[in-house]
Protein chains: 2
Amino acid sequence: MRVLIIEDDPLHRSYLHEAVRAALPECDTVLEAENGHAGEVQARQSRAEHVVMDLQMSERNGIEAARTIWRERPDTKILFWSNYSDEAYVRGVARIVPEGATYGYVLKSTSDERLKLALRGVFMESQCVIDREVRGIQQKSLGNAHGLSDAEYEILVDVALGLTDKAISQRKRLSLRSVQNRLQQLYEKLDVYEVPGDGPEGWYNLRMRAVAVALLRKVLNASALERAERELRNSGGN
Amino acid sequence: MRVLIIEDDPLHRSYLHEAVRAALPECDTVLEAENGHAGEVQARQSRAEHVVMDLQMSERNGIEAARTIWRERPDTKILFWSNYSDEAYVRGVARIVPEGATYGYVLKSTSDERLKLALRGVFMESQCVIDREVRGIQQKSLGNAHGLSDAEYEILVDVALGLTDKAISQRKRLSLRSVQNRLQQLYEKLDVYEVPGDGPEGWYNLRMRAVAVALLRKVLNASALERAERELRNSGGN
DNA sequence: GCAAAATATGCGGGTTCCCGCAAGACAAGA
DNA sequence: TCTTGTCTTGCGGGAACCCGCATATTTTGC
């Protein structure tokens with residue numbers, strides 16, 4: 001059994017190496033890669049079926065790497081090991097996990113013990129192991145009490161990229177008014193109307209404020225934006 | 001001589017501890033704190049004059065902590081040790097370093113050797129030690145070839161918070177038109193007019209696009225936004 | 001299959017944004 | 001002093017945004 005570690009911080013990488021050795025005596029080789037790009041290559045060459053990786057790496061982030069790895073071999077078992085449980089990351093992962101794949105998502109702040117359990121659970125028992133905190137975000141995100149629907153999320157991203165209503169309507173093949181409708185839903189969900197202190201109404205530019213709130217709440221984050229920007233440029237705008 | 005370490009990742013914390021021990025044999029006690037808040041308290045109690053800290057911690061980030069530490073004892077020597085050289089962080093540090101204070105800014109990716117040099121340089125020799133990469137950002141940020149002036153930066157932040165032109169004009173005691181002027185400067189500096197691919201003019205909502213570009217270029221980042229948001233709420237909006 | 005609910009579209013108008021044009025305010029320097 | 005450059009302010013208009021109201025179209029639940 002071989003395990004591939006994809007993690008750009010050398011300290012964390014060696015810590016993971018150690019943890020894998022300790023938790024999985026049946027593992028004979030541990031491979032390492034120091035960014036998403038190298039990780040994809042390693043995964044392809046080594047045909048490793050067990051991967052543990054960080055999200056948020058500089059060269060190429062974990063979500064992208066995981067997507068290409070899963071595209072090539074959907075039965076790969078991946079354990080995500082991340083600093084954050086931003087809704088943007090959780091949503092990002094949820095978007096790319098293929099039907100029936102087994103994966104895990106634990107925070108770097110969890111104990112050694114829980115990390116080891118996750119390693120065994122995902123790699124040996126094919127369980128999906130997801131930290132409680134992350135699970136909480138997942139629930140809130142999907143059970144759309146405060147969470148956004150997919151449609152709303154996509155509008156949010158397009159707006160955050162700086163597209164106009166018209167541009168969005170063309171990209172998404174919608175009428176102008178429909179785009180604006182979705183925007184209004186977004187404004188309500190994100191509570192954009194509240195006023196800071198005593199000021200009169202009209203303190204906020206709703207469009208901008210919605211994005212600001214999304215960023216503050218970590219519904220959106222920088223890496224999600226980067227991904228969207230790259231897609232936008234590739235698709236030539238439509 | 002005592003050194004205080006403020007860093008929320010336990011691995012990195014113990015690594016730092018080790019590095020301090022190795023680089024500074026004249027140091028007799030090493031204190032540790034696991035977030036900005038605890039760090040402030042420790043600094044106050046222990047009267048430590050040498051601090052090495054991470055930026056970007058969860059509880060209270062490094063910039064805030066450093067500001068209060070320096071406010072209480074401006075002669076404290078602080079070495080920032082960060083993962084990123086985002087312009088937003090560099091600018092944030094530059095804004096709070098008091099006149100004549102000695103500090104350093106090195107990236108976590110630097111070698112052990114350079115870290116030790118920085119420790120000795122800042123704490124023993126009272127030199128300012130700043131990594132080349134960081135220095136590069138600093139130059140670009142201040143020498144306003146592509147960088148933003150302070151005025152433009154402040155406008156950028158207000159816009160990013162979602163304030164309207166009118167709201168900004170009141171906060172900043174400016175006329176509406178002046179705010180819009182500064183916005184236009186911003187739009188030019190951030191190259192907001194470029195068109196993705198083949199689309200017609202008018203793909204972009206300039207206001208939003210400016211913020212998106214700033215985020216992508218790391219001129220702005222989430223933690224700067226959070227800080228600004230907190231200030232906004234405290235000041236009651238004006 | 002049908003009613004109810006959610007979603008998509010069109011129209012119209014009030015507001016804000018974006019910006020060209022031009023005139024005052026202020027500081028630095030020849 | 002007069003010029004030059006930077007910053008500020010006002011005016012006006014075209015475009016984009018925000019949204020209430022009314023009408024299709026699609027989805028959902030029974």
Side-chain angles (χ1 to χ4, degrees), chain A residues 142-145 147-195 199-214 237, chain B residues 143-145 147-196 199-214 237:
Chain A
L142 300 183
N144 49 11
L148 307 184
S149 73
D150 281 358
E152 287 153 355
Y153 182 74
E154 297 206 344
I155 282 282
L156 172 63
V157 172
D158 282 350
V159 167
L161 285 176
L163 298 175
T164 61
D165 292 2
K166 187 157 45 143
I168 299 175
S169 77
Q170 292 185 14
R171 259 167 82 75
K172 290 276 153 50
R173 312 281 160 93
L174 284 173
S175 76
L176 223 175
R177 188 59 175 92
S178 296
V179 172
Q180 296 177 330
N181 259 336
R182 290 185 172 182
L183 268 175
Q184 278 183 260
Q185 295 173 229
L186 200 64
Y187 296 154
E188 285 182 18
K189 290 249 181 113
L190 291 179
D191 242 3
V192 159
Y193 299 95
E194 91 183 284
V195 174
E201 301 291 316
W203 270 99
Y204 285 136
N205 172 325
L206 299 182
R207 169 180 285 257
M208 209 28 267
R209 183 62 183 169
V211 173
V213 169
Chain B
N144 50 9
L148 306 184
S149 73
D150 280 359
E152 287 153 356
Y153 183 75
E154 296 205 346
I155 281 283
L156 172 64
V157 172
D158 283 350
V159 167
L161 284 176
L163 298 175
T164 61
D165 292 2
K166 187 157 46 144
I168 298 175
S169 78
Q170 292 185 14
R171 258 167 82 76
K172 289 276 153 54
R173 313 279 160 94
L174 284 174
S175 76
L176 224 173
R177 189 57 176 94
S178 295
V179 172
Q180 296 177 329
N181 261 334
R182 291 186 173 182
L183 268 176
Q184 279 183 262
Q185 295 171 230
L186 200 64
Y187 296 154
E188 285 182 19
K189 289 253 181 107
L190 291 178
D191 242 1
V192 159
Y193 299 94
E194 89 183 286
V195 174
E201 300 292 315
W203 270 100
Y204 284 135
N205 172 327
L206 299 182
R207 184 191 210 48
M208 211 24 272
R209 183 61 184 169
V211 173
V213 169

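Throughout, a chain's letter reflects where its sequence line sits, starting with A, and its residues are numbered from 1.
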Which of these nucleotides, [options], is closest to any side-chain atom of [X]?
| X | options | answer |
| --- | --- | --- |
| B:Tyr187 | C:dC19, D:dC18, C:dA8 | C:dC19 |
| B:Arg177 | D:dT9, C:dG10, D:dA16 | D:dT9 |
| A:Leu183 | D:dC17, D:dT8, D:dC18 | D:dC18 |
| A:Leu174 | D:dC18, C:dT9, D:dC17 | C:dT9 |

Interatomic distance where [atom1] belongs to [X] and [atom2] belongs to [N] [whole Å]:
| X | N | atom1 | atom2 | result |
| --- | --- | --- | --- | --- |
| B:Ile168 | C:dC18 | CD1 | C1' | 14 Å |
| A:Glu152 | C:dT7 | CD | C1' | 12 Å |
| B:Glu188 | C:dC18 | CD | P | 14 Å |
| A:Met208 | C:dC18 | CE | C1' | 17 Å |
| A:Asn205 | C:dG14 | CG | P | 21 Å |
| B:Leu163 | C:dC17 | CG | C1' | 15 Å |
| B:Tyr204 | C:dC17 | OH | C1' | 19 Å |
| A:Lys166 | C:dC17 | NZ | P | 20 Å |

OP1, OP2 of [N] versus side-chain N and O of [X]: anything below 4.0 Å?
| X | N | answer |
| --- | --- | --- |
| B:Arg207 | C:dC18 | yes |
| B:Ser175 | D:dT9 | yes |
| B:Tyr193 | C:dC19 | yes |
| A:Thr164 | D:dA16 | no |
| A:Gln184 | D:dG20 | yes |

Rounded at 0.5 Å granularity, tell me how far CH2 in A:Trp203 sits from CZ in B:Arg171.
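Between A:Trp203 CH2 and B:Arg171 CZ, I get 7.5 Å after rounding to 0.5 Å.
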I'd like to know whether B:Ile155 forms a side-chain contact (heavy atoms from CB on, under 4.5 Å) with B:Gln185, so could you lay out the CA-CA distance, the side-chain angles of the two residues, the decisive distance to 0.1 Å, and finally the verdict.
CA-CA 10 Å; B:Ile155 281 283; B:Gln185 295 171 230; over 6 Å; no
With nearest nucleotide decided by heavy atoms, which residue, A:Asp165 or B:Asn181, maps closer to the 5′ end of DNA chain D?
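Closer to the 5' end of DNA chain D: B:Asn181.
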On DNA chain C, nearest-nucleotide positions of A:Gln180 versus B:Leu206: which is more 5'?
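Comparing both residues, the 5'-ward one is A:Gln180.
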If the condition is side-chain contact (heavy atoms from CB on, under 4.5 Å), which residues does B:Gln180 pass it with, not counting sequence neighbours?
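Counting only residues at least two positions away or on another chain, B:Gln180 forms a side-chain contact (heavy atoms from CB on, under 4.5 Å) with B:Asp165, B:Leu176, B:Arg177.
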Check: B:Leu161 main-chain N/O paired with A:Arg209 side-chain donor or acceptor under 3.5 Å
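A pair under 3.5 Å: yes.
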Of all heavy-atom pairs between B:Leu163 and B:Arg207, which one has the smallest distance, and what is that distance?
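Nearest pair, atom of B:Leu163 first, then B:Arg207: O-NH2, 3.1 Å.
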